[in-house]
Amino acid sequence: MELVEERPWRFRIERRGAMRVPGVVFASRDLLGDAEQSLEQVVNVATLPGIVGASYAMPDIHWGYGFPIGGVAATDVEEGGVVSPGGVGFDISCGVRLLVADTDRRALRSALPAVMDGLDRAIPRGAGPGGVWRPTGQGQLERLLEGGSRYAVAEGYGEDRDLARCEDGGAVADADVTQVGERARERGIGQVGSLGSANHFLEVQRVAEVYDETAAAAFGLAPDQVCVMIHCGSRGLGHQICTDHVRAMDRAMARYGITVPDRQLACTPVDSPEGRAYLGAMAAAANYGRANRQFLSDAARRVFQRAAGARLTLVYDVSHNLAKIETHAVGGARRRLCVHRKGATRAFPPGHPDLPEDVRAVGQPVLIPGTMGTASYVLAGVPGGDAFFSTCHGAGRVWSRHRAARTVVGRELGARLERDGIAVRPRSWRGLSEEAPEAYKDVSAVVAASERAGLCRTVARLVPLGVVKG
DNA sequence: ATGTCC
């Protein structure tokens with residue numbers, strides 16, 4: 001793959017063949033390493049009908065289903081632009097929520113083991129069913145799919161202020177529960193309020209370093225303050241919705257005269273029955289993911305209150321797997337675009353009207369989950385943010401799960417983390433080994449590349465004190 | 001990511 005270095009941290013893949021736009025990759029050659037397969041996916045995405053600007057890739061790009069993870073693609077709705085479930089991924093609305101405690105590391109030290117034991121009991125995780133919320137009446141799942149975090153708060157699992165600090169106020173509009181299949185509902189009903197497995201986690205962290213005091217203060221972050229980060233998605237419900245709608249689009253594509261270089265890029269126009277059906281179901285899954293994080297926040301709050309007498313306040317909740325209809329400037333005109341972000345985080349600039357008033361002046365909080373034993377980051381959106389105001393989403397996997405499990409012994413990793421002062425509460429040792437830090441890129445390098453590429457700025461680094469994993 | 005293959 002020929003990459004032309006336009007400027008440091010920004011590479012271009014020139015248009016050729018069926019590409020409608022060029023590819024743009026924000027990274028260094030070091031970070032890209034052996035990314036040949038995922039760069040081929042960047043090229044494939046550039047062929048989608050209606051795509052505008054470029055097929056973008058973030059510094060944490062790696063191979064995914066159809067689209068690369070770390071990919072951003074926007075299509076023009078009025079110009080026949082398509083929506084593709086592969087551009088969102090199987091874990092619809094996977095995202096991150098950060099809460100801050102009214103205590104610092106010193107004050108929490110003696111209570112930390114009790115907090116971790118409490119979280120160990122209170123946080124459902126791992127594959128399969130189990131969640132903190134159980135429906136007790138008719139139509140509750142439907143109301144949750146329409147209301148997201150708002151529904152959870154209305155049911156008593158949070159406070160109104162939480163909603164002001166959620167992307168979209170806690171719920172995506174236009175969820176269409178009639179497009180959520182029976183099987184998706186069956187899988188979803190028993191998993192509300194659960195982490196799931198793989199790289200999903202709940203961590204107790206501390207603010208290790210503040211890089212931007214103004215933004216950190218606006219977000220409510222101070223050095224050594226204790227935080228809780230929750231990284232999870234829409235579990236089996238989102239997975240089933242993706243499966244169902246990929247199949248429907250794969251069948252329907254030919255009727256719209258659409259051909260794609262990879263069947264995993266199945267898509268139809270946004271403005272088509274299949275496109276609207278997917279977006280309606282996707283919005284429902286997005287709300288499920290948000291409600292999921294809201295219910296888990298409530299569970300964590302109860303543990304912190306009981307075990308440490310500490311209160312948790314929401315900083316922000318943002319997804320990194322979603323397609324959204326947004327208005328952006330394209331070639332000097334305002335256009336309605338379907339922006340696919342898959343393993344990429346929305347990063348609205350300072351002053352954006354959709355941001356909560358109390359953080360608007362400094363830009364959107366962007367939450368980047370790192371890997372166990374390393375660090376996570378809080379970033380902020382910047383003016384003129386490229387790629388439709390998007391940035392990275394995490395470290396980015398470099399070893400397969402299989403290779404990680406083969407190379408790393410879970411118990412040894414657990415002991416290593418404990419020696420480094422990180423309390424670990426895994427559900428399985430195998431699961432822990434698959435998520436070993438060495439299986440990922442260096443999250444600090446990914447964040448630095450994103451900042452230098454002009455996509456965001458770094459606000460604070462968080463390091464783990466305790467890890468709860470599936 | 002995922003009742004890690006209907």
Side-chain angles (χ1 to χ4, degrees), chain A residues 38 41 58 60-71 84-97 124-131 180-202 230-248 250 264 266 278 281-282 284-286 288-290 292-293 296 318-323 340-345 368-369 371-372 393-406 410 426-436 439-440 469-470:
Chain A
S38 43
Q41 294 187 312
M58 302 295 127
D60 46 338
I61 180 175
H62 56 117
W63 187 87
Y65 181 89
F67 282 57
I69 294 163
S84 174
V88 172
F90 278 87
D91 195 5
I92 298 167
S93 197
C94 180
V96 184
R97 168 177 286 228
R125 55 203 192 272
V180 178
E182 193 51 40
R183 208 150 144 206
R185 292 168 199 239
E186 283 168 10
R187 290 178 69 173
I189 193 98
Q191 299 183 323
V192 179
S194 65
L195 284 179
S197 50
N199 66 350
H200 290 161
F201 65 72
L202 183 151
I230 299 171
H231 177 207
C232 63
S234 53
R235 305 292 331 271
L237 179 127
H239 192 276
Q240 191 64 47
I241 286 172
C242 182
T243 302
D244 293 347
H245 288 261
V246 163
R247 184 175 302 146
D250 184 59
Q264 295 185 354
Y278 171 69
M282 183 212 71
Y288 184 100
R290 286 130 187 252
N292 193 19
R293 293 192 284 275
L296 287 170
V318 64
S319 170
H320 47 234
N321 282 2
L322 213 56
H340 301 73
R341 295 188 183 89
K342 179 187 192 177
T345 314
I368 306 297
T371 57
M372 286 177 299
H393 90 301
R397 185 172 273 282
V398 284
W399 287 359
S400 67
R401 295 188 187 293
H402 184 74
R403 179 169 174 200
R406 188 157 38 88
R427 192 143 182 275
S428 81
W429 293 114
R430 157 95 197 198
L432 197 71
S433 67
E434 289 180 349
E435 297 305 317
Y440 286 85
K469 284 193 72 69

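Throughout, protein chains are lettered first and strands after them, A, B, ... in sequence-line order, and every chain is numbered starting at 1. Quantities reported herein were computed from a predicted structural model and do not represent experimental measurements. For the numbers below, each heavy atom of this structure counts, side chains included, while hydrogens, waters and symmetry mates do not.
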Practice item. Please list, chain by chain and in numerical order, all residues satisfying side-chain contact (heavy atoms from CB on, under 4.5 Å) with A/R403, sequence neighbours excluded. Key: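 With neighbours one apart ignored, the set is A/W399, A/S400, A/R406, A/T407.
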Practice item. Answer with yes or no after comparing the ring centroid distance for A/H231 and A/H393 against a 6.0 Å cut-off, counting only values under it. Key: no
Dump every N/O contact between nucleotides 2-6 of chain B and the protein below 3.5 Å, one line per pair.
{"residue": "B/dT2", "atom": "OP1", "partner": "A/R235", "partner atom": "NE", "Å": "3.0"}
{"residue": "B/dT2", "atom": "OP2", "partner": "A/S197", "partner atom": "N", "Å": "3.0"}
{"residue": "B/dT2", "atom": "OP2", "partner": "A/S197", "partner atom": "OG", "Å": "3.2"}
{"residue": "B/dT2", "atom": "O2", "partner": "A/H239", "partner atom": "NE2", "Å": "3.4"}
{"residue": "B/dG3", "atom": "OP1", "partner": "A/R187", "partner atom": "NH2", "Å": "2.0"}
{"residue": "B/dG3", "atom": "OP2", "partner": "A/Q191", "partner atom": "NE2", "Å": "2.9"}
{"residue": "B/dG3", "atom": "OP2", "partner": "A/R235", "partner atom": "NH2", "Å": "3.3"}
{"residue": "B/dG3", "atom": "N2", "partner": "A/R187", "partner atom": "NH1", "Å": "2.6"}
{"residue": "B/dG3", "atom": "N2", "partner": "A/R187", "partner atom": "NH2", "Å": "3.2"}

Check your understanding: Can you tell me how far CD of A/Q240 sits from CZ of A/R187, rounded to the nearest 0.5 angstrom?
Key -> 5.0 Å
**Study point:** A/R430 side chain vs A/A405 backbone, donor-acceptor pair below 3.5 Å
**Key:** no
**Study point:** Listed partners of A/R290 passing side-chain hydrogen bond (donor to acceptor under 3.5 Å, both in side chains), at least two apart
**Key:**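 A/R290 satisfies side-chain hydrogen bond (donor to acceptor under 3.5 Å, both in side chains) with A/E167, A/D168 only.
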